[in-house]
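Below is one structure, written out as structure tokens; comments come after it.
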There are 2 protein chains.
Amino acid sequence: MSTDGFLLPLRLFVGFRQLIDGVHAELAREGHPDVRPLHGFVFQAIGRDGTTAVELGRRLGVSKQAAGKTIDNLERLGYVERATDPYDARRKLVRLTDRGREVLIRSAQIFDELRAEWAAQIGADRLRQLEADLVTVTGAEAFRLDVPGWFG
Amino acid sequence: MSTDGFLLPLRLFVGFRQLIDGVHAELAREGHPDVRPLHGFVFQAIGRDGTTAVELGRRLGVSKQAAGKTIDNLERLGYVERATDPYDARRKLVRLTDRGREVLIRSAQIFDELRAEWAAQIGADRLRQLEADLVTVTGAEAFRLDVPGWFG
DNA sequence: TAAGATGGTCAACGTGGTTGTCCAAAACGT
DNA sequence: ACGTTTTGGACAACCACGTTGACCATCTTA
């Protein structure tokens, strides 16, 4: 039936990667050369309200230690900050700094721009349908962040 | 315009990951539990004719040393074998073993089956259009295999 | 034939993942 | 109220896979 069973997964990945690379190339141009693809998902998982290392690990599908290391790195880069929870002395709240929020906002904007470029090539309605179809076939799958270990 | 700029890349990745995980779950069931997502792409890059470590690295977008390490692993698992090139004593040809070819063939078949499941959900014509649209927007991009290092 | 390019391997290093261990603080149960 | 369990965080050791640098053998080329 199909000409090549590898076409679909390959193109999905290439599309994903082009979008991610496009965002990070632009972020690097705007003064954020150290932000990795991984970090974007972390920023999103932290969100405006902040989280803890354990909760972050849960959301991303990695161990709390791995989440802690990533937080260490982002803290060193100035994108997140830790604060003690006044209601629970065990917890350390992880929140985005202004710099971190800036990256989160810019990322969304750049993704929108890249999406618009796609829309210009295949048409806005076709792109909407592509997104809708992907949602249909993939369902409500949680995002797993253990990509490095998962792939290799 | 778009509700969420993160939707598109996220769904592309989730779709990719579901296909890959589906194939490797089935491969594991069929006696190949040690084959990683990475390896499928390596098998494809080696192809029927075989290659060398340098050429493999070039195709996959990684260093020749990294390609060599991956070959070491696959050789240990019995999926590829090295042979000296009779016309060039420097080169070592890497070829798939019967076991390796089996995985390559089965992978393509399972991908086709998963693709058929997608087609059953959104319709064969819509899936064909989705693929065609992805090809249009992504262009003739070479696959890069440096995923672990790239992502994190 | 000497100089350069090419293919392969070894070694050292970095990052991000894992598990195991331990401690402090909160929650729970009698 | 107090002892026990659970929870959040950090430290350490280890593994996988990527990188660069160096080195040697072999082929190509001027």
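Protein chains get the first letters and strands the later ones, always in sequence-line order, with residue 1 at the start of each.
- Within the structure, salt bridge (charged side-chain N to carboxylate O under 4.0 Å, His left out) contacts touching residues 61-70 of chain B (residues at least two apart or in different chains) do not occur.
- Aromatic pair B/F16/A/F16: ring centres not closer than 6.0 Å.
- When heavy atoms are screened at a 4.0 angstrom cut-off, B/S63 is found touching base atoms of the nucleic acid.
- On a pure distance criterion of 3.5 Å, a polar donor-acceptor pair joins the side chain of A/Q65 and the base of C/dG20.
- For residues 117-128 of chain A, the side chain to side chain donor-acceptor pair (under 3.5 Å) pairs, not counting sequence neighbours, are A/R126-B/D133.
- Contacts of A/A66 with the nucleic acid, taken as non-hydrogen atoms under 4.0 Å apart, include base atoms.
- Across all strands, A/K69 comes closer than 4.0 Å to base atoms (heavy-atom distances).
- Once you apply a 4.0 Å limit to the heavy atoms of chain B, the touched nucleotides of DNA chain D run 5' to 3' over D/dC17 to D/dC27.
- B/V147 comes within 4.0 angstrom of no nucleic acid atom, judged by non-hydrogen atoms across all strands.
- Nucleic acid contact for B/D88: sugar-phosphate only, since backbone atoms but no base atoms lie under 4.0 Å from a heavy atom of the residue.
- Here B/R82 lies in heavy-atom contact (under 4.0 Å) with sugar-phosphate atoms only.
- Place B/N73 and B/R90 on DNA chain D by their nearest nucleotides, and B/N73 ends up nearer the 5' end.
- Taking for each of A/H39 and A/P86 the nucleotide of DNA chain C with the nearest heavy atom, the 5'-most of the two is the partner of A/H39.
- Using a 4.0 Å heavy-atom criterion, one finds that A/A89 contacts the sugar-phosphate atoms exclusively.
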